[in-house]
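The structure appears right after this line, and notes come after that.
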Amino acid sequence: MSERRSHRVAVIGGDGIGPEVTDAALEVVRSAGVDLATTSYDLGAARYLRDGFVLDEDTLEELRGFDAILLGAIGPAIGDTRIAGGVLERGLLLRMRFGLDLYINFRPFRAVAGSIADGSEFAIVRENTEGPYAGEGGVLRYGTEHEVATQGSVNTRFGVERCVRYAFARADALARKKVTLVHKTNVLTFAGDLWRRVVAEVAGEYPEVEVDYQHVDAACIYLVEDPRRYAIIVTDNLFGDILSDLAGAVTGGIGFAASANLNPARTGASLFEPVHGAAHDIAGTGRANPLAAVSSAVLMLEHLGEIDAARRIAAAVADFEDDVATLGTNGVVKRVQERL
Ligand code: IPM
Ligand code: MN
């Protein structure tokens with residue numbers, strides 16, 4: 001008999017509905033026969049409010065050593081002003097993305113029946129460590145009438161190229177081989193030119209992959225009016241952030257959208273999280289939709305090489321026709337288990 005190793009997964013349930021949806025996802029993964037050894041980390045808004053801890057170097061190093069990280073949601077309730085903006089975003093989420101070099105944010109979308117984008121299936125490959133997120137810039141003459149605030153967009157040849165290469169490799173593995181670069185090259189001429197040249201160069205290595213380009217404003221229209229034109233969208237960090245919320249909305253709601261923060265070079269554990277937030281208003285009511293977390297776990301299983309289990313769960317979740325709101329979290333888990 002072959003020895004099957006269990007995968008070591010760090011679980012950051014986080015805040016609001018986060019712990020409920022990660023529990024649900026882990027239950028589905030286990031019923032698909034995958035052996036996980038999980039370690040919980042208490043991080044997020046609640047933890048910060050309790051003892052001021054966000055994330056430190058030791059914890060980050062521990063996280064690096066896992067096979068994967070599954071995250072629920074991080075953030076205080078809307079209207080709770082006790083945590084300044086950026087403390088958790090920069091201190092926790094972005095610190096993990098940058099510190100673990102999770103340079104790809106992969107967000108696949110498969111439109112649910114009846115949604116605006118019905119019939120479409122595409123993915124956004126978002127650069128995840130650079131752009132305006134990098135933190136370049138600063139403030140001069142703070143608080144005066146002459147205050148100056150700059151926030152630069154950092155685009156390195158290295159960072160753009162590894163992102164574009166990932167997008168082409170992904171597209172090449174699809175039946176519909178197409179990469180659409182989304183940018184604003186007519187205005188952001190320095191960064192845009194770098195992205196354009198890198199795409200043209202990498203495209204030369206993939207003669208089978210069709211290449212398209214759109215300005216980001218136009219892409220917003222196409223995502224609503226003709227989303228079937230896309231297979232893989234590759235874009236920078238901020239455009240990818242905005243486009244993925246729009247993509248979630250037109251394909252059936254952010255309640256279904258999954259994401260993978262990937263370190264394809266595997267020098268740190270990759271992190272898998274639903275795109276939605278902590279939804280404190282429904283936390284503890286049993287009404288949270290766990291499907292985005294389950295789909296994020298599917299991405300995690302693909303990354304862990306559990307291809308068969310990933311396929312089975314993805315198939316059980318696809319075309320999920322039962323009403324999620326009526327079933328509730330546990331009901332959805334049961335239906336997915338029945339369909340496995
Ligand atoms: C996301 C989120 C984050 C981002 C925030 C919470 C920092 O919106 O994962 O899309 O902007 O990347
Ligand atoms: Mn976002």
Donor-acceptor pair, His280 side chain versus Gly75 backbone, under 3.5 Å?
yes

Could you give me the CA-CA distance, side-chain angles and deciding distance for Ile313 and Glu306, then say whether side-chain contact (heavy atoms from CB on, under 4.5 Å) is met?
CA-CA 11 Å; Ile313 300 174; Glu306 295 283 355; over 6 Å; no

Do we see a donor-acceptor contact under 3.5 Å between the side chains of Tyr166 and Arg162?
no

Side-chain ion pair, Glu27 and Arg30, N-O less than 4.0 Å:
no

Results of side chain to side chain contact (heavy atoms under 4.5 Å, CB included) for Asp281 - residues two or more places apart only
Ala279

Looking only at the side chains, is there a donor atom on one of Thr185 and Tyr213 sitting less than 3.5 Å from an acceptor on the other?
yes

Does the side chain of Glu130 pick up a donor-acceptor pair with the side chain of Thr156 at under 3.5 Å?
yes

Is a side-chain donor-acceptor pair under 3.5 Å present for Glu20 with Thr329?
no

Expected output: side-chain Asp101 to main-chain Asn263 donor-acceptor under 3.5 Å:
no

Does this structure show an ion pair linking Glu210 with Arg229, if we count only N-O contacts that are shorter than 4.0 Å?
no

Start with the C-alpha gap between His7 and Val29, add the side-chain angles, then the distance that decides, and say whether side-chain contact (heavy atoms from CB on, under 4.5 Å) holds.
CA-CA 12 Å; His7 304 283; Val29 167; over 6 Å; no

Do you know which of Asp236, Asp193, Asp217 makes salt bridge (Lys or Arg N to Asp or Glu O under 4.0 Å) with Lys184?
Asp217

Salt-bridge present (Arg165, Glu205; N to O < 4.0 Å):
yes

Shortest non-hydrogen contact from Pro290 toward Ala24
CB-CB, 3.6 Å

Taken to the nearest 0.5 Å, the spacing of Ile233 CD1 from Lys178 NZ works out to 9.5 Å

Should the pair Arg95-Glu57 be classified as a salt bridge under the 4.0 Å nitrogen-to-oxygen rule?
yes

Would you call the rings of His183 and Trp195 parallel, tilted or perpendicular, taking 30° and 60° as the class edges?
tilted

Applying the 4.5 Å side-chain criterion to the ILVMFWY set and letting contacts propagate, would Leu60 and Leu271 be lumped into a single cluster?
yes

Under the salt bridge (charged side-chain N to carboxylate O under 4.0 Å, His left out) criterion, do Arg110 and Asp319 qualify, and how do the steps go?
CA-CA 9 Å; Arg110 188 172 193 278; Asp319 308 315; 3.3 Å; yes

